[in-house]
Amino acid sequence: MEGYSTSEDATPRFCIGHYQADRDMMVSTSVVQKVHESNYDMMTVPITTEHFHSRVLSLLSSFLSNLQSPAYDPIGTMGTTQNTRLVSIPPLSKLDSNLTPNEATSQLVGVTSSWIDLCSPDPLIADLSRQVLMLEVAYAAFCGIGYLLIPSPKLHHGSMHSEGVVHYAKVIQDALSLGPFIQFHIWLRMVDDPDLEMETMGDLAPLAREEYIQPEQGGLPKLDPFGTWDAWDLIRKTCKYHTRLFVALSMPKQLPSLSVLSRWHSEPVHLLTIDASSFLKNQKGFPVLSKAHQAFIAKLMRLRTPPWIILCDVGPIPGIENADDSGTKQPHLSGSDYPSLSQVAGATKKHFDPTPHLSYVRNLQQRQPPRTLIERFGTGYQDYLQAPLQPLTVNLESITYEVFEKDPIKYEWYERAITKALRDWADQKKPTSHPDGKVVVAVVGAGRGPLVTRALKASAAAGVEIDMWAVEKNQNAFVLLQRHNDYIWNGKVTLVQSDMRSWKGPRVRKQAADEAEGEVTHVDILVSELLGSFADNELSPECLDGVNGVINPEHGISIPASYTAHLTPISAPKLHSDVMNQTVTNPAAPEIPYVVMLHAIDFLSSADSPANAETGNQNIANRSSTLTTPTTATEFPVPNVQTAWSFSHPNPNTTPQNPMQSTISNAHNVRRTRLAFPVQNRGACHGLAGYFETVLYKDVELSTNPVTMDAKSASMISWFPIYFPLKTPLNVPDNGEIVVTMYRQTDDRKVWYEWMVEVFALQQVSTSSNKTTSPLMSGGRSSSPSVESLKNNAGRQGYRRVRVGLSELHSSIKDGCLM
């Protein structure tokens with residue numbers, strides 16, 4: 001990690017574009033200049049014109065008039081050559097597109113035709129739509145368009161739901177190859193609501209032949225909160241998490257539940273579109289967004305790659321889309337939304353704003369709070385994979401120590417813990433290990449000495465005299481410790497250059513601190529900072545085992561006294577994509593635990609009860625009532641984080657090191673756990689997030705666990721979480737269960753982890769007829785009981801768990817931490 005500069009303290013900057021559905025104009029550099037003068041950063045342009053649309057409709061109409069009605073073949077399908085004979089669209093002509101290669105192209109977002117239907121059950125319509133899209137992609141690539149906005153798949157055709165998404169996904173996969181330098185953005189709504197799939201004049205979807213459409217049937221709920229996410233998940237999996245495939249997310253006027261917002265926050269949303277209808281009007285008649293919308297935008301703008309904002313159909317760009325020298329038509333504006341000519345004439349220039357929606361969003365940008373300390377510290381490291389440190393085999397550089405020493409919390413908490421321990425020692429009148437009555441304090445793994453400094457401060461604060469020792473194996477860091485002892489600590493510290501595991505303990509005698517003289521004695525208070533992101537992953541247990549014998553056996557204190565590792569399953573598509581990309585050069589990449597500043601993730605198992613997962617704006621507005629706390633952990637559902645295992649020190653079960661033995665069994669540090677996580681909403685599990693909590697001394701604790709960190713050690717930045725990836729993502733059903741099995745293994749030379757994930761659905765068994773019903777296998781579109789109700793009834797009223805997904809056993813043995 002690197003330190004942050006003052007330039008990183010700036011608030012997030014919004015990149016804002018303009019979309020007009022009926023835009024019909026040539027775009028030149030002068031047009032783009034006017035876009036910038038209007039305070040927009042970019043604009044969208046359709047790839048093809050109405051002329052092309054009309055030509056395709058005419059071609060289809062002519063073809064259908066001469067086409068025989070489809071019929072079933074002998075095997076009961078309509079898949080014969082006669083039934084699927086397709087029409088071919090000729091290449092584009094000059095009238096089919098206003099787009100032309102020029103210097104302005106890089107400032108444009110191309111929009112493909114919304115009137116096609118790649119998901120149509122009619123193979124004729126589906127193939128015609130495929131041809132349209134491929135013609136548009138090919139021409140956009142020729143013109144140098146770098147960004148494409150592709151309308152979402154149509155999910156409903158009569159009673160058929162999402163049946164054609166796989167065909168849509170296959171076409172997108174082909175398009176990615178056709179436009180090798182284009183970023184593709186699939187334009188999706190937050191939820192699947194068939195009432196919003198409105199068809200307009202000229203759409204191909206209504207032209208599908210009746211023989212291919214199943215009539216609508218009642219009974220199924222219309223709105224599916226995760227329906228569009230399901231479609232996106234299928235598309236990106238078909239395209240193998242392609243690095244040029246992203247989401248363009250449409251913000252509705254009424255936001256969905258927090259769980260839906262959290263899911264989209266974890267996805268690669270690179271465009272955020274806001275329609276004019278999503279704005280409210282304040283008391284003065286100006287367009288504004290609700291507090292819930294503001295909070296969600298603020299959350300997205302804290303991502304490592306914040307999305308661009310596209311304002312849709314909010315009126316013309318001044319000087320461009322009016323009937324002026326460009327010769328283009330003026331778009332039709334609703335009189336209720338924009339001032340009349342008389343109002344404009346009577347208004348002063350000072351009060352008339354031709355772009356009120358843009359002005360509001362720019363004002364929202366200015367009101368974004370400064371980045372927090374953690375955000376500034378982690379700039380560039382959000383969702384960035386890093387291999388854990390190997391502190392026992394690699395000597396750290398000074399800059400690495402320096403980064404961790406910037407932590408504003410950890411060392412202050414250590415000082416508090418040492419101060420309390422010293423005061424308790426004095427209050428309880430414990431005997432010390434020093435013949436002069438001093439409390440013997442040793443910092444093992446001293447690094448550049450920040451804990452030594454804090455221990456000396458604690459001694460002064462507690463009024464307890466100490467005999468200070470510092471042990472460090474890094475010969476380079478030891479040079480700095482010597483200088484610190486001369487110029488900062490005034491020779492109060494006895495320095496030992498040694499691996500702590502081979503240190504026999506302090507040698508003390510009265511009125512002296514010369515290690516070469518005196519007898520070996522015990523350490524009264526042993527202080528260390530050996531924890532990794534998963535607590536034990538940098539071999540703190542093994543290191544402290546080595547000095548366990550030097551701690552005072554009756555009254556000795558270890559700081560930390562104990563630590564626990566914690567787990568929760570997550571959806572992390574960006575991390576999964578990055579891990580898969582690394583497999584090209586490192587096949588073992590999916591079996592390495594990574595240190596990551598987790599950000600664009602979704603916790604699959606929530607600690608919130610279903611009753612608390614309410615729908616609508618009020619929840620997120622209440623949880624983030626102002627923009628001053630856009631990244632608090634309470635914005636989204638609280639994750640269900642469970643304890644995997646723990647270690648405590650001093651360890652009474654550890655035999656002190658025998659100098660005559662060359663190796664010691666590390667079997668007592670082996671651990672295993674099996675944890676069950678109920679999942680309310682379906683999703684994709686990409687891996688496990690790992691955290692830790694540690695008790696330094698009594699009530700002084702540190703935590704990276706998102707559930708407890710604010711209460712125990714808010715704003716601590718020394719540790720990022722750990723990420724255990726899965727080679728293949730596992731789909732989890734609504735009201736399902738994820739079971740994690742994990743091992744901490746050792747062969748006495750190194751330590752590694754092994755992990756496996758299982759997915760279960762809860763299935764009801766009918767005892768009267770010996771039949772089973774599975775309300776959980778319907779993709780979430782049927783009414784199903786809650787996880788808790790099923791678990792409470794399991795075995796008592798005929799519910800059972802059915803495994804529906806299983807990962808392989810992952811092992812980090814090849815990259816284990818060497819002892």
Side-chain angles (χ1 to χ4, degrees), residues 7-20 23 31-45 104 106-109 147 149 248-253 255 269-303 305-322 331 333-334 337-339 344 347-371 375 620-621 624-631:
S7 63
E8 293 164 352
D9 294 348
T11 57
R13 185 186 183 281
F14 293 6
C15 188
I16 306 175
H18 183 279
Y19 168 89
Q20 194 73 35
R23 179 165 289 143
V31 169
V32 171
Q33 181 64 31
K34 290 181 179 180
V35 170
H36 291 164
E37 291 173 356
S38 299
N39 210 14
Y40 283 103
D41 296 295
M42 78 198 90
M43 65 184 296
T44 65
V45 293
S106 62
Q107 308 293 316
L108 306 177
V109 176
Y147 312 96
L149 185 57
L249 189 62
S250 175
M251 284 189 75
K253 188 170 186 176
L255 289 182
V269 178
H270 282 202
L271 295 179
L272 182 68
T273 68
I274 310 176
D275 192 81
S277 62
S278 296
F279 286 82
L280 307 173
K281 285 191 176 181
N282 64 13
Q283 294 179 346
K284 296 182 179 180
F286 294 109
V288 297
L289 292 171
S290 72
K291 288 184 178 180
H293 288 74
Q294 295 176 41
F296 185 60
I297 291 173
K299 187 83 172 177
L300 290 175
M301 290 304 167
R302 255 58 186 183
L303 290 169
T305 305
W308 297 348
I309 295 176
I310 307 292
L311 298 179
C312 301
D313 298 322
V314 294
I317 299 175
I320 295 179
E321 293 171 303
N322 302 343
L333 304 179
S334 170
D337 288 336
Y338 300 101
V344 173
T348 65
K349 184 176 181 181
K350 178 180 179 181
H351 294 95
F352 174 65
D353 185 355
T355 57
H357 300 82
L358 173 63
S359 298
Y360 171 79
V361 177
R362 287 296 184 200
N363 179 262
L364 185 63
Q365 170 191 334
Q366 295 173 0
R367 291 189 288 115
Q368 294 297 295
R371 299 184 187 276
E375 288 173 330
I620 191 169
S624 182
S625 58
T626 70
L627 284 176
T628 58
T629 55
T631 55

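Basis for what follows: all heavy atoms, side chains included, without hydrogens, waters or symmetry-related copies.
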N-O pairing of D353 and R362 below 4.0 Å
no

4.5 Å side-chain heavy-atom contact, L249 and P307
no

How many angstroms lie between atom CZ of F296 and atom CE of M301, to the nearest 0.5 angstrom?
10.0 Å

How long is the gap from CD1 on I16 to OG1 on T355, to the nearest 0.5 Å?
10.0 Å

Separation between CE of M42 and CG of L271, rounded to the nearest 0.5 Å
7.5 Å

Please determine whether side chain to side chain contact (heavy atoms under 4.5 Å, CB included) holds for the pair L358 and L311, giving the CA-CA distance in whole Å, both sets of side-chain angles, and the decisive distance to 0.1 Å.
CA-CA 8 Å; L358 173 63; L311 298 179; 4.1 Å; yes

Roughly how far, to the nearest 0.5 Å, is NZ of K253 from OG of S278?
8.0 Å

If you take all heavy atoms of R302 and P370, which pair is closest and at what distance?
NH2-O, 3.3 Å

Verdict with supporting geometry, F14 and V361, side chain to side chain contact (heavy atoms under 4.5 Å, CB included):
CA-CA 8 Å; F14 293 6; V361 177; 3.8 Å; yes

Side chain to side chain contact (heavy atoms under 4.5 Å, CB included), that's the test. Do L364 and R367 meet it? Break it down for me.
CA-CA 5 Å; L364 185 63; R367 291 189 288 115; 3.6 Å; yes

Atom NE2 in H270, atom SG in C15: separation rounded to 0.5 Å?
12.5 Å

Taking every heavy atom of K34 against every heavy atom of I317, the minimum-distance pair comes out as O-CG2, 4.5 Å

Less than 4.0 Å between a side-chain N and a carboxylate O, is that true for R23 and D313?
no

State, yes or no, whether a side-chain contact exists between Q107 and H36 at a heavy-atom distance under 4.5 Å.
yes

State whether the side chain of H18 and the backbone N or O of T44 hold a donor-acceptor pair below 3.5 Å, judged by distance alone.
no

Run the numbers on D275 and M251 for side chain to side chain contact (heavy atoms under 4.5 Å, CB included), then give the verdict.
CA-CA 7 Å; D275 192 81; M251 284 189 75; over 6 Å; no

Do D41 and R13 come within less than 4.5 Å of each other through their side chains, counting heavy atoms only?
yes

Looking only at non-hydrogen atoms, find the nearest pair between H293 and P252 and report the distance.
NE2-O, 2.7 Å

Any idea which heavy atoms bring T273 and C312 closest together, and the distance?
CB-SG, 3.8 Å

Would you say the ring centroid of W308 lies under 6.0 angstrom from that of Y147?
yes

Inter-residue atom distance I274.CD1 - L272.CG, 0.5 Å rounding
5.0 Å

So, Y360 side chain and L289 main chain: donor-acceptor pair closer than 3.5 Å or not?
yes

